[in-house]
2 protein chains.
Amino acid sequence: MSRKRIHLALHPYGVGGPGQHGLWKDPRVAKNASIDINYYIRQAQAAEHALFDALFIVDSQFINATYPSHYLNRLEPLTLLSAVATHTRHLGLVGTASSTYNSPFNLARRFASLDHISGGRAGWNVVTSFDTGTSKNYGLDEHLDYATRYGRALEFVQVAQGLWDSYEDDAFPADVERNVFLDPLKLHDLDHVGEHFKVAGPLNLSRSPQGQPVIFQAGVSEEGRDLAARVAEGIYAPGGPLQQAQEYYADIKRRTAAHGRNPDHIKIFIHGGPVVAATDEAARLREREIFEEDNDFDRHLALLGRSFGAYDFSVHDLDAPFPDVAHLAEKGGRTGAAKIIERARTENLTWRQVAQSLAEFRRSPFVGAPETVADRIEEWFDAGTFDGINLAFRTEEELELFVDGVVPILQKRDLFRTEYEADTLRGNLGLPVPANRHTAGATGA
Amino acid sequence: MSRKRIHLALHPYGVGGPGQHGLWKDPRVAKNASIDINYYIRQAQAAEHALFDALFIVDSQFINATYPSHYLNRLEPLTLLSAVATHTRHLGLVGTASSTYNSPFNLARRFASLDHISGGRAGWNVVTSFDTGTSKNYGLDEHLDYATRYGRALEFVQVAQGLWDSYEDDAFPADVERNVFLDPLKLHDLDHVGEHFKVAGPLNLSRSPQGQPVIFQAGVSEEGRDLAARVAEGIYAPGGPLQQAQEYYADIKRRTAAHGRNPDHIKIFIHGGPVVAATDEAARLREREIFEEDNDFDRHLALLGRSFGAYDFSVHDLDAPFPDVAHLAEKGGRTGAAKIIERARTENLTWRQVAQSLAEFRRSPFVGAPETVADRIEEWFDAGTFDGINLAFRTEEELELFVDGVVPILQKRDLFRTEYEADTLRGNLGLPVPANRHTAGATGA
Ligand SMILES: Cc1cc2nc3c(=O)[nH]c(=O)nc-3n(C[C@H](O)[C@H](O)[C@H](O)COP(=O)(O)O)c2cc1C
Ligand SMILES: Cc1cc2nc3c(=O)[nH]c(=O)nc-3n(C[C@H](O)[C@H](O)[C@H](O)COP(=O)(O)O)c2cc1C
């Protein structure tokens, strides 16, 4: 029997996200990378050349001037991915979209369109929106609370999946002799009436090449895990210290099984920002350099504030003990904020110390020469921490170093594919094609 | 002084819209044209090769099994246009999106993204949604009434334009020396509070290459004309008998001037489905053939019903006089419905006769040999009926016939460009780039 293999996705940093705020200063990074479609096409083609499973586009819809550079000015994920689709053939295209600030009919249609355009490579990363300020861009004074947001997310996904089943696979005989384009018996209303949505349907788009786009999820709270276990087929997970990643992985697989689902049908990707260099020593130096480049206290403080509803901590005495500001995070980054507060309390840290230590907290486990990085990846994989890694690189050169240095070693160890298994994202991830609920004899996956 | 020139856009029929329902049976039309991105890319490249101004994608979000074939199964316009963008360089990309069933932040972002991706070629055709059934796909039992829909449309466009001005043009110095990526003084909140929307902003995307995407509009009611005169820079107008097109054209230009705007800064495109053949006789035969191909009474009746809230007329005695069913159209196709009722009354028609005559009603003025079609176009242009034509062809071959036969004649008469004036849609349409409202010394266009 062949060995279970690792999945790899690419998360483009553009000019720099959280913890990479200074990236735009790197002379190898184009100042307009985050809004340049050719940057994304190049990233996608490099990822496809390296046989990666997917390009993964994160997103947000609230900023102020203190936000990370890439957040300030970036393309909307589905518009971006659609442009990338026709320049790739195998690579999955996963876009982040908020279930809190969209309508199911519209979004279901956009993802199904992307699935048609890409020939079956669309994935939707369902988020409930981290930034509480997003509400004010959508007419709400307050961000919805966790229970409402995640309740809405679950119903949203179910409605979208219902809409994706509007047409059975053989709904369009297009039979000229009989003058039948559509077989009307194969078109189904949805007539959904739920707590959050009323959607009659049908969708005005046929079943897409994957049956349904792949559902991803990113959210680590109790509510987020429950949503994942119920409907997600992929997760973007934080990773983080090995033991924490192990616990998270086991917890998700257990919850998924408890919902009567095959735990193999939810692929957990952890975030990985490898630092690869010719030697371990050189990689560690480079890691330090990156840390210093981004070591700007105002940025750390702003990023800390983001977990607390974009709260401006700079107005306080930063050398006082970190106070209990959990209430500020109640609706946004509650889970991450709770961890920060917990650590501040245990280690008795001031606000300044908390802000400064956030960067250290985000260190990648995958630092070293190619062989070392491959070893660490194998070690983490065997320890049951992930099914895949969502890789982020600071520059196109560093992506190349990984692809040319680390990927061949993973392949030699039979840990990574040497050719694509399929042309669809489902096919490459080993996920089943969902049967259409209306088709006689069909069984769910 | 050179002559005023005609603008041309291409409206792809896919497998067939209203009045072209039988198109899918044409052996030259691929059965999946409406969902095949390569069909659209080919159409776009042909249009660009012919120096057309834009590709124009119409849209709807409600169907039932009686709807025209292209409506049943088509790609979402922005996803479609984004994929087309990277395969063209000069062609404008105009997508239809409803102001009734979208949120301004989300939609403004998507169009600005398309404008970035295409290097300044995005246009938004603002519609309020013709199909009353759309409401039930968006949680509303009833379609909004005209006044509300058009009030919302105006405010929607104003909010979108406000969001597009979030960043001044020089907001990102990206100055490594001074460690300044963003100049925070050049980022502006919107803080819009209106009757329909509350949107704080700013948008997380910089000003796009055109300053702002071009606003189109399609709607012929009093309310629709008022919206156009206030904010539209282009119109998709029905055209129709010459005198009607003249009146419409003059009315729009007058209203635009009355709002203090330059009437040259609103380009009126009429719908044109030319039938070109080697001789006038052959073109007329072809026209008859097309008419017969689509002459399916059930389809005519279904299409008639569409103007009356997808009402099923087939349950009635079709040989009775056409009754006053205006109330059914109150929220949807009121203007068109009123015309139908008016004509039925004057000519004393039965329901059957009304349904049958609808197809005749839709006849194109541009039928004949290339020289004849060019003559008619010039005649209509000189009569003040349009600034541009939104051309629709049944097959790729018929598009070619027009491009190879009619376009060179228009060029010889100095009625159409022989090379693109610009790389942006604004540039080719002769529309000014709107100044950013926050930039000192800036003046509106
Ligand atoms: C690895 C990872 C990636 C995420 N990416 C996004 C994102 O792109 N956009 C977003 O709004 N939220 C993102 N989130 C945040 C979640 O959607 C969620 O809102 C946040 O984590 C708070 O919810 P939680 O407490 O369930 O985690 C991400 C979370 C994780 C762990
Ligand atoms: C030439 C033309 C094209 C149109 N295209 C669309 C379209 O693609 N989608 C849509 O929902 N409505 C479309 N409309 C309809 C208008 O948006 C409008 O809803 C309809 O005409 C009823 O409003 P009115 O009475 O103002 O015309 C179009 C109208 C015209 C005249």
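Labels below follow one simple rule: chain letters A, B, ... track the order of the sequence lines, proteins then strands, and each chain is numbered from 1.
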Which of the residues B:Thr79, B:Ile37, B:Leu140 is involved in the greatest number of heavy-atom pairs with chain A at under 4.5 angstrom?
B:Thr79

Is it the backbone or the side chain of B:Asn64 that comes under 4.5 Å from a heavy atom of chain A, or both, or neither?
backbone

Check whether A:Tyr71 gets within reach of chain B through its side chain, its backbone, both or neither, counting any heavy atom under 4.5 Å.
backbone

Are B:Val176 and A:Lys31 close enough, and set up right, to give a side chain to side chain contact (heavy atoms under 4.5 Å, CB included), and what steps lead you there?
CA-CA 10 Å; B:Val176 177; A:Lys31 305 283 176 266; 4.1 Å; yes

Give a yes or no on whether the backbone of A:Phe105 and the side-chain of B:Tyr101 come within a donor-acceptor separation of less than 3.5 Å.
no

Under a 4.5 Å heavy-atom cutoff, which of B:Gly139, B:Ala65, B:Ala83 has the most pairs with chain A?
B:Ala83

Please classify the contact between A:Ala85 and chain B as side chain, backbone, both or neither, with a heavy-atom cut-off of under 4.5 Å.
neither

Parallel, tilted or perpendicular: which fits the ring planes of A:His87 and B:His87, with parallel below 30° and perpendicular above 60°?
parallel

When the 4.5 angstrom heavy-atom criterion is applied to A:Asn32 and chain B, the contacting part is neither

For chain B, which residues from residues 111-118 of chain A lie under 4.5 Å away (heavy-atom distances)?
A:Ser113, A:Leu114, A:His116, A:Ile117

Interface residue of largest heavy-atom contact number with chain A, from B:Leu205, B:Asp189, B:Asn137, under 4.5 Å
B:Asn137

Identify which part of B:Val84 has an atom lying under 4.5 Å from any heavy atom of chain A, answering side chain, backbone, both or neither.
neither

Shortest non-hydrogen contact from A:Ala174 toward B:Trp24
C-CZ3, 3.5 Å

Any residues in residues 193-203 of chain A near chain B, with a heavy-atom distance under 4.5 Å, and which are they?
A:Lys198, A:Val199, A:Ala200, A:Gly201, A:Pro202, A:Leu203

Is A:Leu187 in contact with chain B via its backbone, its side chain, both, or neither, using a 4.5 Å heavy-atom distance?
side chain

Should B:Arg109 and A:Asp59 count as an ion pair when the cut-off is N to O under 4.0 Å?
yes

Using distance alone, with no hydrogens and no angle criterion, decide if B:Asn106 and A:Asn102 have a side-chain donor and acceptor under 3.5 Å apart.
yes

Hey, what do you get for CG (B:Leu107) to CD (A:Glu76), rounding to the nearest 0.5 Å?
10.0 Å

Return yes if some donor-acceptor pair links the side-chain N/O of A:Asn204 with the main-chain N/O of B:Ser60 below 3.5 Å, else return no.
yes

Just give me the residue among B:Arg110, B:His21, B:His192 that pairs up with chain A most often, heavy atom to heavy atom, under 4.5 Å.
B:Arg110

With sequence neighbours left out, the residues meeting side-chain hydrogen bond (donor to acceptor under 3.5 Å, both in side chains) with B:Ser82 are none

Mind checking what makes side-chain contact (heavy atoms from CB on, under 4.5 Å) contact with B:Phe130, not counting sequence neighbours?
B:Arg306, B:Ser307

Options B:Leu182, B:Asp175, B:Thr86, B:Leu72, ranked by heavy-atom pairs under 4.5 Å with chain A, top entry
B:Leu72

